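Data block below; observations after.
Owing to the predicted nature of the structure, the values given are computational and were not obtained by experimental measurement. Below, chain A is the first sequence line, B the second, and so on; all start at residue 1.
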2 protein chains.
Amino acid sequence: MATTTAAQRRAQAKVEYDAFLAGCPSRKLLDRISDKWVTLVLSALGSGPGCVGEPRPMRYSELSRLLAGVSQKMLTQTLRSLERDGLVTRSATATVPVTVSYELTDLGLSLHEMVRGLKAWAQTHMDDVLANRESFDAASV
Amino acid sequence: MATTTAAQRRAQAKVEYDAFLAGCPSRKLLDRISDKWVTLVLSALGSGPGCVGEPRPMRYSELSRLLAGVSQKMLTQTLRSLERDGLVTRSATATVPVTVSYELTDLGLSLHEMVRGLKAWAQTHMDDVLANRESFDAASV
DNA sequence: TGGGGTAACTTCCTGATGGGAAGTACGCAC
DNA sequence: GTGCGTACTTCCCATCAGGAAGTTACCCCA
């Protein structure tokens, strides 16, 4: 047949791209999204401050305040690359001073589903990890 | 009451730890697991070369070959920190030369569930991202 | 009319970090 | 005793992230 369904194309992509290969474009993409600021920005845009809300647009300054410790440079850089990859949209309104807000696209939302799990995992398993570190450090004195 | 169940403690941890805060330990943990080599190592140990198999132990050299482009330094460093955090176990058998193999713990397996999604996402949405980049770059000439 | 304020960057400098390559330890085989 | 294979470890350098200060554009208040 001449046409393929989305599911078929996706299944094919799975064998075409292999993120284990250094030269594969999907490896570079995986490197890009396996980044702490990407994870935090997507978490913020996807479920708000408490990580329990709905996806909603957020302003630059709001993100900057929420993601404690992010430098302006890194935030701008991260948002720019997410925009380029089609994961967020940037919209500036001509108020004074100019107001810029960022929002997840559908594609960004699909990645958010994955990333949200990471943040939740870190928070729920923190105690386990801490305990493991303690016993590891104690053993290797 | 004086005792708490594991589930209660976990629910409490969710509010105690907030990875958005720069000083929170879970933020540092999230930074640690939002790392390209962590993602790739966990993917490899969790589902083998094609990302379709079962979790199984892998040798240092096997990982090094599979994760094309990883330096020995980074692989050792990543494995060490995963071991410290209780996500993998390291077992050396006294053959000649010594054989070392790494295997996911239950904790590592639970993180693998999240991480596997990231790699799959990168591979299935590669084309979308590529298309977005093209139109973005074309628009900003 | 000019000084101050704010949002969203941008630039510069410097310290940290990742990659590459070379070195190490061990023990057997030749 | 020399060479090899595995699993590291160390050193050096290029790149990169963080911090702080500068930039633009416009309005408000005196």
Could you check how far CZ of B:R65 sits from P of D:dG5, rounded to whole Å?
13 Å
Rounding to an integer number of Å, can you tell me how far A:L63 CG sits from C:dA7 P?
14 Å
Hey, is the main chain of A:W121 close enough, under 3.5 Å, to the side chain of A:T124 for a donor-acceptor pair?
yes
Only one of B:V41, B:L111, B:L79 clears side-chain contact (heavy atoms from CB on, under 4.5 Å) with B:L87; which?
B:L111
Where the side chain of A:P97 is concerned, which of D:dT6, C:dA8, C:dT6 is the nearest nucleotide?
C:dT6
Which ones in residues 33-41 of chain B lie close to DNA chain D, meaning a heavy atom under 4.0 Å from one of its atoms?
none
Using a distance-only test with no angle check, is there a side-chain donor-acceptor pair under 3.5 angstrom linking A:R116 and A:S47?
no
Checking B:S34 side chain against B:D31 main chain: does a donor-acceptor pair fall under 3.5 Å?
no
Would you say A:Y60 places a side-chain N or O within less than 4.0 Å of OP1 or OP2 belonging to C:dT6?
no
With distance as the sole test, does B:S26 use its side chain to make a donor-acceptor pair with the main-chain N or O of A:M126 at under 3.5 Å?
no
Could you tell me whether B:D137 atom CG has more than 12 heavy atoms of other residues or ligands within 6.0 Å of it?
yes
Between atom CD in A:E83 and atom C1' in C:dA8, what is the gap in whole Å?
14 Å
OH/B:Y102 to OG1/B:T78 distance, rounded to the nearest 0.5 angstrom?
10.5 Å
Return no unless some side-chain N or O of A:S61 is found under 4.0 Å from OP1 or OP2 of C:dA8.
yes
Do any N or O atoms from the side chain of A:R27 and from the backbone of B:A68 form a donor-acceptor pair under 3.5 angstrom?
yes
Whole angstroms only, please: what is the CG-P distance between A:D31 and C:dT17?
18 Å
Touch class at under 4.0 angstrom, heavy-atom based, for B:S64 against every strand present
nothing
Under a 4.0 Å heavy-atom cut-off, which of residues 70-82 of chain B touch DNA chain D?
B:Q72, B:K73, B:T76, B:R80
Tell me whether A:E134 at atom CD has more than 12 heavy atoms from other residues, nucleotides or ligands lying less than 6.0 Å away.
no
Between the side chain of A:Y60 and the main-chain N/O of A:Q72, is any donor-acceptor distance below 3.5 Å?
yes
Verify the contact: side-chain N or O of A:R90 to OP1 or OP2 of C:dC9, cut-off strictly under 4.0 Å; return yes or no.
yes
Counting the atoms with a prime plus P, OP1 and OP2 as sugar-phosphate, which does A:T95 contact under 4.0 Å by heavy atoms, base, sugar-phosphate, or nothing?
nothing
In the structure I gave you, are the side-chain heavy atoms of A:V129 and B:L107 within less than 4.5 Å of one another anywhere?
yes
With five pairs defining each end axis, the helix from C:dT1-D:dA30 to C:dC30-D:dG1 comes out bent, to 10°, by 20°
Is any side-chain nitrogen or oxygen of A:R59 closer than 4.0 Å to OP1 or OP2 of C:dA7?
no
